[in-house]
Amino acid sequence: MKIHHAEWAAQTRKNDQDQLDWHRLGEDLDRYGVAHISGLLPADACHALTALYGEDRHFRSRVVMARHGFGSGEYKYFAYPLPALIQQFRTRFYPPLAEIANRWNQAMNIDVRYPATHAQYVERCHAAGQRRPTPLLLQYAAGDYNCLHQDLYGEHVFPLQMAILLSQPGKDFTGGEFVLTEQRPRMQSRAEVVPLKQGDAVVFAVHHRPVQGTRGVYRVMMRHGVSRLRSGHRHTVGIIFHDAV
């Protein structure tokens with residue numbers, strides 16, 4: 001199946017420029033630690049990205065979750081050079097997310113600041129020995145799930161990431177909801193379930209985010225995962241902005 005990367009990249013740029021409300025997305029991330037983007041990818045792009053899973057030349061490694069206690073299912077990490085569309089997601093979404101990340105770190109009194117472009121940030125990762133790409137393609141079958149976790153791959157961790165659902169709920173699979181939890185100090189954990197359609201994206205906090213309390217700002221610990229699939233197959237592409245050791 002031929003992937004029309006340039007055509008879809010152009011459509012994604014149009015979505016970025018004409019449709020995405022970054023003010024609303026930033027407010028949702030501040031309030032909930034998660035933001036929903038509807039219809040980021042058309043169905044044919046979702047199908048073509050899913051088809052890549054069977055072509056090992058695109059990937060550097062395969063992980064079977066059960067072998068590591070991560071859950072049930074599997075995923076593959078893309079190799080460099082990344083497919084054009086995956087590279088564009090990193091390049092185009094990074095700058096507005098970096099503005100949010102810098103604001104969060106300032107609020108939490110964290111000294112780290114993120115540069116203006118993703119290329120500059122990747123240089124920082126590579127200089128620290130984090131040279132392996134982290135975007136990944138995940139595959140679930142009936143009964144599979146992903147345990148709550150954080151995608152931390154080294155010293156340098158970009159605090160926001162994105163996932164795009166490639167399969168169609170109710171047709172390709174049932175169950176398999178995206179789940180996010182937050183743990184506030186001295187409080188019970190709170191869960192957030194984000195209903196996604198095919199081509200929808202979710203942007204969310206990787207490990208912690210700032211929350212305004214009565215005594216100032218404090219850090220809330222975040223984790224994410226996928227609930228058990230009841231039937232069918234589910235594919236998701238994950239866009240992580242930092243590279244791995």
*salt bridge (charged side-chain N to carboxylate O under 4.0 Å, His left out) partners of Asp30, counting only residues at least two apart*: Arg103
*asked:* Any side-chain to backbone donor/acceptor pair from Arg190 onto Leu180? Under 3.5 Å, distance only.
replied: no
*In terms of hydrophobic clustering (I, L, V, M, F, W, Y; side-chain heavy atoms under 4.5 Å; direct or indirect links), are Met222 and Ile240 co-clustered?*
yes
_Least distance between heavy atoms, Gly73 atom then Asp144 atom_ = CA-OD2, 3.4 Å
_CD1-CG distance between Ile164 and Leu137, expressed to the nearest 0.5 angstrom_ = 10.5 Å
_Please tell me whether Val211 and Trp104 are part of a single hydrophobic cluster in this structure, the criterion being side-chain heavy atoms less than 4.5 Å apart._
no
*asked:* Can you confirm whether or not the ring centre of Phe241 sits under 6.0 Å from the ring centre of Tyr121?
replied: no
*asked:* For a quick test of reading the model, state the closest non-hydrogen atom pair linking Gly154 to Val157 and the distance between them.
replied: O-CG2, 3.4 Å
*Tell me, with the steps shown, if Arg234 and Val226 meet side-chain contact (heavy atoms from CB on, under 4.5 Å).*
CA-CA 10 Å; Arg234 179 188 191 273; Val226 173; 3.8 Å; yes
_For the backbone of His235 and the side chain of Ser167, can you confirm whether one donor and one acceptor N or O come within less than 3.5 Å of each other?_
yes
*Atom pair SG/CZ of Cys147 and Arg223 - distance to nearest 0.5 Å*: 11.5 Å
*Asp28 side chain near Val34 side chain, heavy-atom distance below 4.5 Å*: no
*How about Pro115 and Tyr94: do any of their side-chain heavy atoms sit closer than 4.5 Å?*
yes
*What closest approach, in Å, do Leu52 and Pro83 show between heavy atoms, and which atom pair accounts for it?*
CD1-CG, 4.3 Å
*Mark yes or no for whether Gln130, through its side chain, and His156, through its backbone, hold a donor-acceptor pair below 3.5 Å.*
yes
*Backbone N or O of Pro133 within a donor-acceptor pair of the Arg60 side chain at under 3.5 Å?*
yes
*Is Arg228 close to Arg230 at the side-chain level, that is, under 4.5 Å between some pair of heavy atoms?*
yes
*Taking all atoms of both residues into account, what is the closest heavy-atom pair of Pro135 and Arg90, and its distance?*
CG-NE, 3.6 Å
_Under 4.5 Å between side-chain heavy atoms, counting indirect links through other Ile/Leu/Val/Met/Phe/Trp/Tyr residues: same cluster for Leu160 and Val194 or not?_
no
_Pair Leu25-Val203, side-chain contact (heavy atoms from CB on, under 4.5 Å): steps then yes or no_ = CA-CA 9 Å; Leu25 293 173; Val203 181; over 6 Å; no
*Check whether any side-chain N or O of Arg132 sits under 3.5 Å from a backbone N or O of Val245 as a donor-acceptor pair, and report yes or no.*
yes
*Would a 4.5 Å heavy-atom cut-off, applied to side chains only, mark Asp200 and His36 as touching?*
yes
*asked:* Would you say Leu136 ends up clustered with Val179 if hydrophobic residues are merged whenever their side chains have heavy atoms under 4.5 Å apart, either directly or through other cluster members?
replied: no
*Expected output: side-chain Gln139 to main-chain His233 donor-acceptor under 3.5 Å*: no
_What I'd like to find out is whether the side chain of Phe93 reaches to under 4.5 Å of the side chain of Leu40, using heavy atoms alone._
yes
*Which atoms form the tightest heavy-atom contact between Arg113 and Ile110, and what is the distance?*
NH1-O, 2.6 Å
_Centre-to-centre under 6.0 Å for Phe204 and Phe178, is that the case here?_
yes
*Which is it for Leu166 and Asp172 under the side-chain contact (heavy atoms from CB on, under 4.5 Å) test, yes or no, and what are the steps along the way?*
CA-CA 10 Å; Leu166 304 178; Asp172 297 326; over 6 Å; no
_Rounded distance (nearest 0.5 Å) linking atom CD1 of Ile86 with atom OG1 of Thr91_ = 11.0 Å
*Test applied, side-chain contact (heavy atoms from CB on, under 4.5 Å); reference residue, Ser61; option that passes from Tyr75, Phe78, Tyr77*: Tyr77
*Step by step, work out the side-chain contact (heavy atoms from CB on, under 4.5 Å) result for Arg209 and Glu182.*
CA-CA 9 Å; Arg209 68 181 183 91; Glu182 65 174 30; 2.7 Å; yes
_Backbone of Tyr53 reached by a side-chain donor or acceptor of Lys76 within 3.5 Å_ = yes
*Pick one: which of His224, His242, His207 meets side-chain hydrogen bond (donor to acceptor under 3.5 Å, both in side chains) with Asp151?*
His224
*State, yes or no, whether a side-chain contact exists between Arg124 and Val112 at a heavy-atom distance under 4.5 Å.*
yes
*Short question: side chain of Gln183, backbone of Met187 - any donor-acceptor pair under 3.5 Å?*
yes
*asked:* For Asp21, give me all partners under salt bridge (charged side-chain N to carboxylate O under 4.0 Å, His left out), at least two apart in sequence or on another chain.
replied: none
*Beyond-backbone contact of Arg131 with Asp243, side-chain heavy atoms, under 4.5 angstrom*: no
*What's the spacing between Met108 CE and His208 NE2 if we round to 0.5 Å?*
4.0 Å
*asked:* Ignoring hydrogens, what is the shortest heavy-atom contact between Tyr140 and Ser72? Give both atom names and the distance.
replied: CD2-O, 3.9 Å
_Leu138 backbone acceptor or donor facing Thr236 side chain under 3.5 Å_ = no
*Taking a hydrophobic cluster as the set of Ile, Leu, Val, Met, Phe, Trp and Tyr residues connected by side-chain heavy atoms closer than 4.5 Å, whether directly or through intermediates, do Phe89 and Tyr80 fall within one such cluster?*
yes
*State, yes or no, whether a side-chain contact exists between Leu97 and Tyr114 at a heavy-atom distance under 4.5 Å.*
no
*Can you tell me if Arg215 uses its side chain to pair, donor with acceptor, with the backbone of Gln212 under 3.5 Å?*
no
